[in-house]
There are 2 protein chains.
Amino acid sequence: MPIDPPAATPRHRTPPEHAALAEVTLEAALAALADPVRLTLIREVASAQEWERSCGSFDVPVRKAALSHHFAVLRAAGLIEQRDAGPRRFNRLRRAEFDARFPGLLDAVLRAQDVEV
Amino acid sequence: MPIDPPAATPRHRTPPEHAALAEVTLEAALAALADPVRLTLIREVASAQEWERSCGSFDVPVRKAALSHHFAVLRAAGLIEQRDAGPRRFNRLRRAEFDARFPGLLDAVLRAQDVEV
DNA sequence: TTGAGTGTATGGCAACCATCGAACACTTAT
DNA sequence: ATAAGTGTTCGATGGTTGCCATACACTCAA
């Protein structure tokens with residue numbers, strides 16, 4: 001593996017990669033949603049403005065390394081898009097695109113009520 | 001645990017237990033659907049008559065022990081109901097009940113098209 | 001330049017899950 | 001009684017996953 005030459009101009013963080021929805025399988029989409037932490041993330045980002053929430057602004061009981069992993073899974077499933085702004089990474093739900101790929105799935109998940117205890 | 005007394009009349013196999021839909025969590029439902037073998041089972045049982053397909057009649061690339069496990073997961077997720085008839089165990093999709101618990105979810109999953117290769 | 005803030009990458013670990021072979025239980029037919 | 005067919009349970013195994021701590025990379029402000 002070649003070594004990067006020192007950058008003459010200040011390097012920028014490599015922007016996150018996003019999945020093409022056409023290549024997301026149903027199984028991957030369901031697996032991404034079948035996790036309590038990721039479900040919380042999706043619900044919160046769904047109920048916020050686009051690009052409003054940065055990755056660290058979510059109240060989930062995991063450390064930031066695990067959180068970063070969960071966001072990578074959500075990106076790979078085509079569920080969220082991320083954009084860097086300064087030191088933070090902001091999120092939006094890819095609702096229209098995901099709906100086009102899996103019609104009704106995201107709505108059904110977001111509408112589902114949890115059981116009363 | 002008490003020992004069963006010898007049965008005077010011929011004993012019957014204990015019928016399968018089915019989940020109460022109210023107690024099925026969204027996470028459990030999604031996890032049950034996020035497996036290729038189980039997805040195949042659900043699709044095939046959905047496109048057949050009720051009580052038409054016995055457990056062994058599905059064309060999935062696993063042995064019967066794993067198959068039995070997958071059916072247990074689908075039962076626990078409230079997705080299928082099973083009934084014994086002779087030596088076989090027949091299946092039906094609990095479509096109406098599952099729809100009432102998670103409106104639109106099963107339809108979205110069954111409507112989802114797989115990616116063309 | 002230094003430091004604080006934010007997020008990612010890596011390595012390790014524990015828990016979970018899908019699978020199998022084997023043994024078992026039950027039903028039906030011979 | 002025997003045998004064939006169907007399905008479950010058990011124990012073991014290998015792979016995956018979720019998590020953490022640590023180290024690193026980048027941005028911005030002081």
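Naming convention: chains lettered A, B, ... in sequence-line order (proteins, then strands); numbering from 1 in each chain.
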Interface polar pairs with nucleotides 19-23 of chain C, N/O, under 3.5 angstrom:
from	atom 1	to	atom 2	distance (Å)
C:dT19	OP2	B:H70	NE2	2.2
C:dC20	OP2	B:R63	N	2.7
C:dG21	OP2	B:R63	NE	3.3

Ignoring hydrogens and geometry, is there a side-chain-to-backbone donor-acceptor pair from A:T40 to A:P36 under 3.5 Å?
yes
Spell out, as yes or no, whether a donor-acceptor pair under 3.5 Å connects the side chain of A:R111 to the backbone of B:P103.
yes
Over all atoms of both residues, closest heavy-atom pair of B:A31 and A:A34:
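Here B:A31 and A:A34 meet closest at N-CB, 3.6 Å.
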Measure the distance from [atom1] on [X] to [atom2] on [N] and round it to the nearest whole Å.
X	N	atom1	atom2	result
A:I80	C:dG7	CD1	P	12 Å
A:R88	C:dT8	CZ	P	14 Å
A:D84	D:dA25	CG	C1'	12 Å
A:R53	C:dT6	CZ	C1'	15 Å
B:E17	D:dT9	CD	C1'	14 Å
B:E27	C:dC16	CD	P	12 Å
B:L39	C:dA18	CG	C1'	16 Å
B:F71	D:dG7	CZ	P	8 Å

Quick one: is C:dG7 close enough that its OP1 or OP2 comes under 4.0 Å of any side-chain N or O from A:S54?
yes
Counting only side-chain nitrogens and oxygens, does B:R89 get under 4.0 Å of the OP1 or OP2 atom of D:dT8?
yes
List the atom pairs, with distances to 0.1 Å, where a side-chain N or O of residues 84-92 of chain B and a protein N or O form a donor-acceptor pair under 3.5 Å, not counting sequence neighbours.
from	atom 1	to	atom 2	distance (Å)
B:D84	OD1	B:R89	NE	2.6
B:D84	OD1	B:R89	NH2	3.3
B:D84	OD2	B:R89	NH2	3.1
B:N91	OD1	B:Q82	NE2	2.8
B:N91	ND2	B:R53	O	3.0
B:R92	NE	B:E81	OE1	2.7
B:R92	NH1	B:E50	OE2	3.4
B:R92	NH2	B:E81	OE1	3.0
B:R92	NH2	B:E97	OE1	2.7

Heavy-atom distance under 4.5 Å between the side chains of [X] and [Y], does that happen here?
X	Y	result
A:V60	A:E44	no
A:F102	A:V24	yes
A:I42	A:I80	yes

5'-most by nearest nucleotide on DNA chain D - A:P87 or B:S68:
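That would be B:S68.
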